[in-house]
Every structure is written in structure tokens, then in C-alpha cells.
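Taking it in order: structure first as C-alpha cells, then the write-up.
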Amino acid sequence: MTQRGPAEFTPPPECPVFEPSWEEFADPFAFINKIRPIAEKTGICKVRPPPDWQPPFACDVDRLHFTPRIQRLNELEAQTRVKLNFLDQIAKFWELQGCTLKIPHVEQKILDLYQLNKLVAEEGGFDLVCRERRWTKIAMTMGFAPGKAVGSHLRAHYERVLYPYHLFQSGTNLLVSLTYKHIRSIYHTLSIKLSAVMQKFWVRSEHLTFVDLYVCLVCGKGNDEDRLLLCDGCDDSYHTFCLIPPLSDVPRGDWRCPKCLAQECSKPQEAFGFEQACRDYSLKSFGEMADSFKSDYFNMPVHMVPTELVEKEFWRLVGTVEEDVTVEYGADIASKEFGSGFPIKGGKFKVAPHDEKYLRCGWNLNNMAMMTPSVLTHVTADICGMTLPWLYVGMCFSSFCWHIEDHWSYSINYLHWGEPKTWYGAPGFAAEQLEAVMNKLAPELFESQPDLLHQLVTIMNPNTLMAHGVPIYRTNQCAGEFVITFPRSYHSGFNQGFNFAEAVNFCTVDWMPLGRQCVDHYRLLHRYCVFSHDEMVCNMAMKADSLDVVLASAVQKDMQLMNKDERELRDKVCKMGVVRCELFEYNLLADDERQCVKCRTTCYLSALTCPCRPGVQVCLHHAHDLCSCPVSNYTLNYRFTLDDLYPMMNAVRQRAESYDEWASRVTEFMEAKLDKKRNVTVFRVLLEESDEKSFPENDLLRQLRLVTQDAEKCSSVAQQLLNGKRYRTGGGNSPNQLTVEEMRSFVRQLYNLPCCLTQAPLLKELLNSIEDFQQHSEKLLSDEVNADSVSEIESLLEEGSQFDVCLPELPLLRERLEQARWLAGVQQAENLVSNPCGLSLDSMRRLIDRGVGLTPHPSTERTMARLQELLTISEELEEKAQALLKARWGPPESLETLSSMLTQVDGVPAYLPNCLLLQDTVNRAKEWLQEAEDLQVEYSTLYELCSLYAFYKAHAIPVRLEPLDQLEVLVSEVQAWKESAAKTFLIKNSHFTLLEVLCPRWEVGSSLKKMRKMKGECMSSGKKKLVKLDSMSDVERALSDSKDSASAVRLKELESLCALRAANESKLLPTADCASLKVCVCQKPPMGAMLQCELCRDAFHSVCVRRPSDPLDPEAWLCPLCLRSTKPSLAKIQTLLASLQRIRVRLPEGDALRYMIECTVSWQRRAREVIDSYDHSLTSQDCRGASPTQSHRTTGHKRKVRHYITDCYSEVEELMVEGLLLQVSVPETQQLYRLLLSGPPTTDTSHTEHPPYLTPKHSSPQREVYWVQCDCCNRWFHMICVGVSAELAAEEDYMCVTCSTTNTGRRK
């Protein structure tokens, strides 16, 4: 650790900154008086004019030339200058000793010799410090680290450099020189040579030289001539080892003996002051120099250097001894010679018309000092710097030192342009404290210059002053801003860079007492006055009639003191014996010609003179300091007799009496106690009186006006509060109600007003009600939050809303109300009576969301924690339940897992839909298992299986059920069987279902309509709808719901088909209306080649239906409506039935298939019997036909046989129809069809008449039938029946037999 350097500068607090409005800015003295109570507490203040106030710069820049002052920064600071002075003395001491002082270094730092000398002296001196070994303590005090033997180094440096100087100062090295008598007694015993030497010495001693005496004046011996030193000042000789302290070597330079050294060092030092620079600057050249210095010093553009950096660097440079920085300051430049920065009337600067207002502006410093409110207007002489502004051109680090304005007056400084000026100020009440601190810390400076602080050459770090209790404030004055200093306010500062400022003094009425104190203070310091205070007061008294009453009152008080002092002094002089008096007009003399020779006070009322010293006078305070002549020779010169002074004072008194009487009444009313306070109307009367008598604006009047305004405002506010309409304006645009504390303060303000208001007791009563409300509210708020306290809180809120004040309890009550309502909402949600379902998750979330916005409270937090816990548990259960319910991406859980999960839900007081759904799922799963278990007991149907599977799918039971796999396998087997049966029976693109094909038709004849409908649906949809396994078809449901047995349905099918056959055959009879006849699937009239279905007997166009592949194959042709299946063989059907029986599932298709097989087998048995009987009858007929001779005899028998044959033929046809209805391909069907094609056995048919179109061929089934229409009756006939070919029918008209017979009969 090395020596502590100067601590980093800490900026003092900021002084007040005022920004007056245009109205306030109009009168500078009124504004200054207004801010004075605030600003005088800090000593300085800053005023920012309105933004539009920008006076033109009127100084003649070309003519402005000045010689600046040179300032060495480390010489400005008082303590630093003391150190420098000490080093100068040490250097001078060693220089006179023939040596050059070299300041030693310790720990790579220059040793502070001043601090070392001071610490050693405080510790008792060199001998005591060495004896008690205090060098380590001194080293630590100086900031050196212990344990590095720094103390021994300090001892060596002190002993070598400072100890000889200490001995010199104490006089130890000055021994009493040997006198001539001593030398003579010694040399009586010496030789003649020595006598000659004595004679030479005597001659030398008469001329005070002693050049020829080469004996040591200490020891009296002349030996060791090589160690004998001769003083270069007086030629005295001393041995080097006889000196105190002894010298080890002979000095190389000039050497002075102790006596000469004392004489040389005792010479008084020259008073410190600033030197003038050798160069004359213009404003431009000085600015170039200043900007160059700052930019080079900080190595950056001048406008980029922070003010904080410049401030810290300034105080660092001021406090260091090692660095020597020199700057220049153009200070105290007379504006009278070069022109002010402000425009003045009659000046050389031409003012633009829009800037003429600045010529008369009170803030123009040329006008301010001499305006009417300033008492300096009564000073007759122009005082440069006080009544005339001074100009200041600054550069970076150029400073103005601590000082008070002359006569403790006000000062105002305006910065026209340039970089800021940093100010420091102390209030006037701390002036003596600041002087005492500086005197204490730098007493050496004040010993040589008692009025040092008046020289403006000494500065001290504000941190040092603040550390000793002096209040210091600062500010940065920017361009366009004013800085005002108040009376006796010490201030100092420095410039941040190149700038141009202007300053002037002014004095207001309140300064008058301070002005007289300042003159007395100057008298003690023997400091000259800038003007005569007594002369100024007398000048004002002689103009009493035109004086302002406030100023007259102040002048009257000042004259009382002045007359009292003057009377006492004159009486004292008379008692001294001065008898000669003479009238003398001191106002005709210049100030420097009438100064007291002792105290330098400017004499005006009186002075003493003596003929022995013409042109010299003393004030009456220093009557004994004039000369040594008898007092009777003195002459008392006076300006006024005492009789002249009293009338002047009375004139002023009369002028001030009316004001004083008014002021006394105002003071009495303002200071009245509570029971003697007057109404506000009395204060209004006093204000009106001041207006009538034109009393000037002063502190008392302003206070009266302010009190009256406050009282009226308070009265209005109080009335508004009583009416419930009072608001105060907050920081924003919205009005804010008064707080209770503000109202309490307002009530106190009402009672503290100098006047009484009628609203005060009423407002006090209102305040008591508010306080009662607050107590009740605080009690309620201190209790626990209860859901039952909602009504009580609401009533309190209603009561509090009636008070139009800002009650802090209201928001708390609202918060408590929200908390209580929330708790009530929680209770209501948890109440099973009002909410049977329980607390839902959404309700919990809403309650928690509402609770989050509530103000924290233990009750709500506990409830919130319980809800949060319940919600967390519920959400976890819901998520688990939802995961178990979905089970899409993994295998479903078992029923035991779900049941175990449901056990966790028990006891949770919440409505959990997923858990309830899971419970329902478990219930449904158990129900499904029970149903599956019941199905396994008995033979199940497909409907039951599908219902069970559909129940599982429809309810999406996410449970792993063991019977489900068996069910799925069983259903898939059923599906596979049904697909196999469908492939076996169904025709490609058939519109019939498998069950429709297998079951008998109970609506024969509707197939055509159904086919059309299905055809239309297929055309519209474009594809056939598939029947899903997990649903039952409409036919199945219809069949399952039908109560008819299979046999009944079969019989109904046969009956319906017989009716259909009869209907189709009847419409083909000749008697039918062929024009309206509609046949075929297209339902159009017959034309062209036609096919007739062997089952339904309906006719079809050959182009609309599919023809038989082989026309010669005797096979029954069925229309598309009758051909419903592929008619597989019986063996295939039986195989299907066997495979279904292995599945052990009852299907409607299986029942139908089983019934079909039974019917087929039954039909085969009957068909074989008929075929066999038919064949037997034909055999018998052939045998009977072999005996034609017996035919005639057996006619009756033949008829019987024919009847039998006819019956057999009908039975064959009936069996044929029944066989065609079967959806099974059996050989008996073909055999019967062949029997029908061969026709019945031949009989005698001569007696039977057939219509022309009922030929035997007609009764035989034909595959194709061609028709022809009669052109007369329009009836249709088979071409084959009437014997007409197709070519003939196309080329010629056709007429049936009936029409031909009729037409022939008509011709006959």
C-alpha cells in the first residue's frame, strides 16, 4: 500500500432550480423576493427563463481584447498552497545552505514532507518520536502498509531533510556569537601575529564584515582550515562539525551562516495573487486556445467531455502537488469599455424591432442594478462590477475562488453562451463557519493575509468543507440560465470550457441591515468599502417623500442606528478634547480620498484631521490613530450636524408611519392566539387598505395575501368537503380524493390559520366520523376472513363511500369483500344441497382463477391450497381416467385396473366426468360380461351376437374383455359363412339380399317395382351399398318381427304367383286392349320378338332381357325378376348348412337355408311321384291305342282317362312352378319342364272349338312370340297363331278372322 491520494470528489447536493412563468418573470425583484425564503437556505439558486426569452448577444466581439489572469490550479487550493509554501521554504533553506532540495520517494511515491513534518510535530518532535519509536505509527497514518520498514525510511528522510530546518526554526543553531571582549581576553596571551589579526578583526568588526577573522565563531579555534566555512553573506567562519546539526561535507554552492539564514528566511512573503498573462487575446483567439487545451487534455472533442469528468478532474488537479496545470481566465472585464452582452439603449449594437423588449427588460443586467427596487440606485457613482456589469471569458478549469460579494450584496450571473459553469455555494448563515474552517485548515495563509477570502485567490474542496459541517450546494449553469447569490453567501466555481458570462450586483430592502453589518465587518478587517453606506442612507432620507414606504421604514430603522452611533462617537471625540469643528462635504471627494487611514472605511458623516498630515483623516472609531499631535490640534469635519440628521430621520419616519401602523395591525392579527383570531373578512379589509394606500410589495404584504388566499381556499375546500364534492388534482388528469391524513392535516391547517373559519368545527366532526369508520374497519380487517361477513363488509363500504375522502381502508375492505365472497362461493360450490353434482373442475379452476387475483390472506390461502390440492388430485384422476377411456394407442386396460383406479376416486369431493364415465364404462363392461356369460349358456343367435358386439362398439368400452376375442372370432366366422353363402346364391350385381333369396316371397309382383327402385338407386349412387357386419339388415329385422311361419309364407308365395300368372296370361288374351298393354321391364307395349317367362308368364322384349344362350335347349326361361339366384346344387347347399352348424350360431339365413332344403327334398319326392305316374299313364294310353276296334265302345272310359291326364298335366305345371320357385338346381325341374313341352296325351278334339289364335301351339310354351295388330279392331294376335309371317305383316295390312267375317257379311 502506498500513500493515500486525494479521495475521489463527491458532488454536493444540487441547489434549487426555478422556472418562472411569464407572469412571474415579468418582475425580477418580485420573483427574487418570492423565492428568497427557499433560495437563501442554500446561498445560491438557478433560474431558467421561459424558453422564448432569448436576448441577442450585443457585445462588440471585434473590439473585445483582454489580458487574462494566469491560474496555477494547485496554488488555488488553500491546503495545497500551504504545502507548496512549506516546500518553497524548505527549498530556500537548503538553497541557502548550498544544497539543492530533492524530494525523496517512498514506495514509488513522492513523500509528502509537509504531512511528515506536521505529524512529527503533533507526536512531540523528532527526539520523542525516536525515543518512543513512533515512526511505524506515523507511516501508517500517512497511508503506508505496516511491516515494510517504511518507518525507518521516514526517519532517515526526516533527519536528513526536515530536522535541520526544524532546528533552524527553533533557533537551536543560532549560538551567541563571541563578542569583541571575549576575543580580546583570549588574544592577550598570544603572539604579535595574533595581535595583528585582532587589529584586523577590530577593523572588520567596525564595518560588520569579519572577513579577516578566520576562527570558528563557535569553538573560537582556527584549526582545520579545510573544514572551516566562510559565510557568503557575512564572511563569518564556522567549522562544519561545529554547526548544529554538523555538516558532513563542505557545500558546493553558496553557503549562509545561521544568522544570515535567519535574516533571509524571516523576510515576509509576498501576498499571493494571480499574475497577468503576457499575451493580449481577442475573443476568437482565446476560444481557439481554450478549445485546443480541453480537447488535448481529455483527448476527445470538447462537446463530448462529460461535466462530471471535468468536475472530478478539476478537484483532483487542485488537490495535488505533483501536477502543475496552468489555465487562463478573462475575469472582471469592464462592460463599459467593450459593451455588455445585453443590448442597451444608445449602444452601438443595432437591436431588431422584435428584440427591443430586451432593452427595457428587468433581467437585462444593465437595468437590474439600477431599477427602483434596488437600493443601489441611491449610490451616485458608477461602480464597475456592482452597478455596471462585468464580463467573464472562461476556459476549462479556470475558476473563481471562495468569496462574498462586496458589501454582502446580491449578485446575478448570466451565461450568454458556451460550455457550462459549475457553481458551489454556502448559505449566508454559514459564512462565519466557512471562514473558521478555512482558517483552521490553513492558518498559515490567514496569518500573512487576514483578508485572504476577500482577495478571490483561495479555494477549498467542498468535500473538505462539508466534512467539517459547512453546508455546500452546487449547480451547473448552462447557456441562457441565471445564477443568483444571496447576501453573505460564499460561492466559488469553475468553468467547464470556453464560455462568456456577465454579472452584476443588486441590493433589495431586506439587504439594508446586512449592509450596515458588512461595513462594521470591513472596519475590523481594515478593508476598504466600495461605496459609503451612510451616504447612501442619507441620500435616501433626503428623498423621503418619494421613497417607497417599505424602504422608508427600512431607512428609518437604519438611520436610528446610524444617528445613535454618530452621536456617541461625537460625544467621545468631544470628551477627548477636540473642540474645532468644520462643515465638510465629503460627497464631493472621491472615495479613495476620504478613506480612514487606519481601517480604510469611506468617511462621510464625520472624520478627524490634523494639520500635520494634510489629506489624511481617520474615522471617529480610530481617533487615537491619527497622529501624535495634541488632540486640541484635531479638527472634526462633519457633513451634517446632529440637528440636521434628526429631521431627515423624522421625515422618513412619517413616511413609514402609515405603513408601520398597518404592518403592526397585520402582525398582531397574524400572531393572534386561538381565542383571539379574527375572521377572514378582517384580513380582506387589510388587503384592501394596502391597495388603497399603495403599499409596496413586500414580505409582510405577500404573507398577508398568502394567508388570506389560503384561508379563502381552505374555506372553499372545507365547504366542498362538507358538501361531499371536494377533490384534489393528482399527477394525472383524473381528480383524486383527499386522503385521511391530508384531511387531518387540513383540519390542523384550519386551526393553525391566523384567522378563524366557520367550517372548521363541522369539518372536525366529519373527521371524527371518518376516524370511527377507520377504527371499525381496522377491527374487521384484523379478524379472520369469514364468508358470513359479506353483509357487514358491504354495509361498511356503503358507509365509507359517503365520505368523499381517500380512505385506505376502502380498498382493503373491497379486497376483504372479494375474499369473503370468494369463500362464500367456495362454500356454495361445495354444498351438496345447492350443488348435488359436486364441485366440478371448471368450477375449481374458476374459483382458483378468482382466488389468484385476491389479496393474500391466511384464510384464502388455506382454502386456495385446499382447492389447488383438490384440483391437482382431480386433474390427475381425470387424466388417468381419460387415458384409460381412450386407450387408442395401446391395448385397453383390464377391468381390475379400472376398478382399482375407481377406488382412488372414492372420497374425492368433486364432480369428475371422466371418472364418472369410467365408472359407467366399468358398469357397462360388467353388464356386457354378464350378457356374454348368459349367451354362452344357451345357443345364441346372430342378432344377439351382433347386438352384443354392437353394444361394445357403440359404447366404446375401453376395457380388455376376454370373451370379446371369442365374439370377434365367432362374428368373423359368421361373416365368412354369409359371404360364402352369398357367393353361392347371389347373382352378380343382384339387388336381392341373401335372406331375400333364401326366404319365400310374400309380395310376389312387387319385384318389378323394387328392381326399378334399386336400379334407380344404383344409378344415382353409382355403387351398391354394402351391409356391415355390426348391423342387421332391414330384411332380417322384418323377418325376425314377422309372426308368420315359413309354410304360411311359402303358401302365400304360391298364391301370389298363381294370381300373377293368371294376370299376366289374361292381359295377353286377344280380348285385351293391346294399345294400353305394358309388358317387359321397360313397361312398354309388345313389339318385335318377345320372350315369355315360364314362372310369372309375363312377356319381355328380347332386346330388354337376356336371351337364352341356346334356343334349341329345352330349358325353362325365367325373367330377371324371377331369376333371383344362381340356383346352386343341393349338395352345395347342404355343405353350407353343415358348415353353419359347426359355428353354433343361429342365423336367419341358416333357418331359411334349412327350410329351403326341407322344401326341396319334399318337392323332389312329390315331383318324382308325379313324373312316375305321368309316365305310367302314357304307357297305358299307348296300350289302349293298340286296339282301335274297341275305341267306340270305350268312349266313356276315354273321357275319364283324358280327364285324368288333364289333371296330371295341371299337377305337373303346378309342380313345375313350385320347382322354379326353389332357389336350388334339381334335375326334377328339367324333367317336369320337358313333360310340359311334350304336352298332354293326344285325344279327340273334334268337338272342341278353338279360336283362331288359340291353336295347340299356343298352349305350348314358346321362347319367342311375334305379334301382329289388326288394322280394324286394333287387337293383337300371335303371328304363329294366325299364320302370318313377319314379311307379310310388314308389307300388307292384316285383318283378323272376326273382322274379315264381319266385313264379308256386310258385303253380302
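When reading the values below, keep in mind they use all heavy atoms of this one structure, side chains included, and skip hydrogens, waters and symmetry mates.
- The closest donor-acceptor contact from the side chain of S782 to the backbone of E778 lies under 3.5 Å.
- Side-chain N/O atoms of Q819 and T855 include no donor and acceptor closer than 3.5 Å.
- For the pairing with L796, the side-chain contact (heavy atoms from CB on, under 4.5 Å) check across E794, E798, E799 returns one residue only, E799.
- Inspection of the E784 and S859 side chains reveals an N or O donor paired with an N or O acceptor under 3.5 Å.
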Checking R678 against E668 for the salt bridge (charged side-chain N to carboxylate O under 4.0 Å, His left out) test, could you report, in this order, the C-alpha distance in whole Å, the side-chain angles of both residues, the deciding distance, and whether it holds? CA-CA 10 Å; R678 304 300 180 90; E668 178 185 358; 5.0 Å; no
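- Although no hydrogens or angles enter the test, the distance criterion places no donor-acceptor pair under 3.5 Å between the side chain of E405 and the main chain of P487.
- Not a single donor-acceptor pair under 3.5 Å links the side chain of E879 to the backbone N or O of E876.
- Remark: side-chain polar atoms of T872 are paired, donor with acceptor, to backbone N or O of Q868 under 3.5 angstrom.
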T422/T307 under side chain to side chain contact (heavy atoms under 4.5 Å, CB included): CA gap, chis, key distance, verdict: CA-CA 9 Å; T422 301; T307 57; 5.7 Å; no
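- Here the side chains of E815 and H857 are not in contact, with every heavy-atom distance at 4.5 Å or above.
- Taking CD1 of I412 as the start and CD1 of I32 as the end, the distance is 5.5 Å to the nearest 0.5 Å.
- Remark: side-chain polar atoms of T42 are paired, donor with acceptor, to backbone N or O of I44 under 3.5 angstrom.
- For the pair E792 and R816, the salt-bridge criterion is not met [side-chain N within less than 4.0 Å of a carboxylate O].
- Two residues are said to be in side-chain contact when any heavy atoms from C-beta on lie closer than 4.5 Å; L687 and L701 meet this criterion.
- In the model, T863 has no side-chain atom that pairs as donor or acceptor with a side-chain atom of R866 under 3.5 Å.
- Note: T758 OG1 to N679 CG = 7.5 Å, rounded to the nearest 0.5 Å.
- Taking the side chain as every heavy atom from C-beta outward, W423 and K46 never approach each other to under 4.5 Å.
- For the residue pair S840 and D842, no side-chain donor N or O sits within less than 3.5 Å of a side-chain acceptor on the partner.
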Step by step, would you call E432 with R488 a side chain to side chain contact (heavy atoms under 4.5 Å, CB included)? CA-CA 9 Å; E432 294 181 0; R488 209 182 181 184; 3.3 Å; yes
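- Here the closest heavy-atom approach between residue S409 and residue C507 is recorded as CB-SG, 3.4 Å.
- Considering CZ of R814 and CG of L817, their distance stands at 9.5 Å, rounded to 0.5 Å.
- The CD atom of E688 sits 14.0 Å away from the CZ atom of F683 when rounded to the nearest 0.5 Å.
- Inter-residue side-chain proximity for L916 and Y911 is flagged as met; some heavy-atom pair is nearer than 4.5 Å.
- Side chain of W315 to backbone of N461: no donor-acceptor contact under 3.5 angstrom is found.
- With no hydrogens or angles considered, no side-chain donor-acceptor pair links Q433 and H468 at under 3.5 Å.
- Residues R748 and E741 are paired through a salt bridge, judged by an N-O separation under 4.0 Å between the basic side chain and the carboxylate.
- The number of heavy-atom neighbours closer than 6.0 Å to NZ of K677, taken from other residues, nucleotides and ligands shown, is above 12.
- Here the shortest heavy-atom pairing between P20 and F25 reads CG-CD1, 3.6 Å.
- The shortest non-hydrogen separation linking M368 to F29 is O-CZ, 3.3 Å.
- With values rounded to the nearest 0.5 angstrom, L704 atom CG is found 5.5 Å from W662 atom CH2.
- Separating the OH atom in Y424 from the CZ atom in F494 is a distance of 4.5 Å, to the nearest 0.5 Å.
- The aromatic ring centres of F486 and Y410 sit less than 6.0 Å apart.
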Between F506 and W511, is a side chain to side chain contact (heavy atoms under 4.5 Å, CB included) present by the stated rule, with each step listed? CA-CA 9 Å; F506 64 93; W511 165 84; over 6 Å; no
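- Between L700 and A663 the shortest heavy-atom distance is CD2-CB, 3.3 Å.
- Within a 6.0 Å sphere centred on CD of E765, other residues, nucleotides and ligands contribute 12 heavy atoms or fewer.
- The nearest pair of heavy atoms linking M844 to S874 is CE-OG, 3.7 Å.
- Inter-residue side-chain proximity for V680 and E712 is flagged as met; some heavy-atom pair is nearer than 4.5 Å.
- Taking the side chain as every heavy atom from C-beta outward, N413 and K421 approach each other to under 4.5 Å.
- Contact detail for C714 and L757: the closest heavy-atom pair is CB-CD1, 4.0 Å.
- Residues Q496 and F314 have side chains not in contact (no heavy-atom distance under 4.5 Å, counting atoms from C-beta outward).
- In this structure, the salt bridge (charged side-chain N to carboxylate O under 4.0 Å, His left out) partners of R48, at least two apart in sequence or on a different chain, are E19, E481.
- A heavy-atom distance below 4.5 Å is found between the side chains of R474 and E14.
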Side chain to side chain contact (heavy atoms under 4.5 Å, CB included) between M743 and L763: does it pass, once the steps are laid out? CA-CA 9 Å; M743 187 173 181; L763 201 61; 3.6 Å; yes
Applying salt bridge (charged side-chain N to carboxylate O under 4.0 Å, His left out) to R665 and E661, what does each step give before you reach the verdict? CA-CA 6 Å; R665 283 190 291 124; E661 189 272 336; 2.8 Å; yes
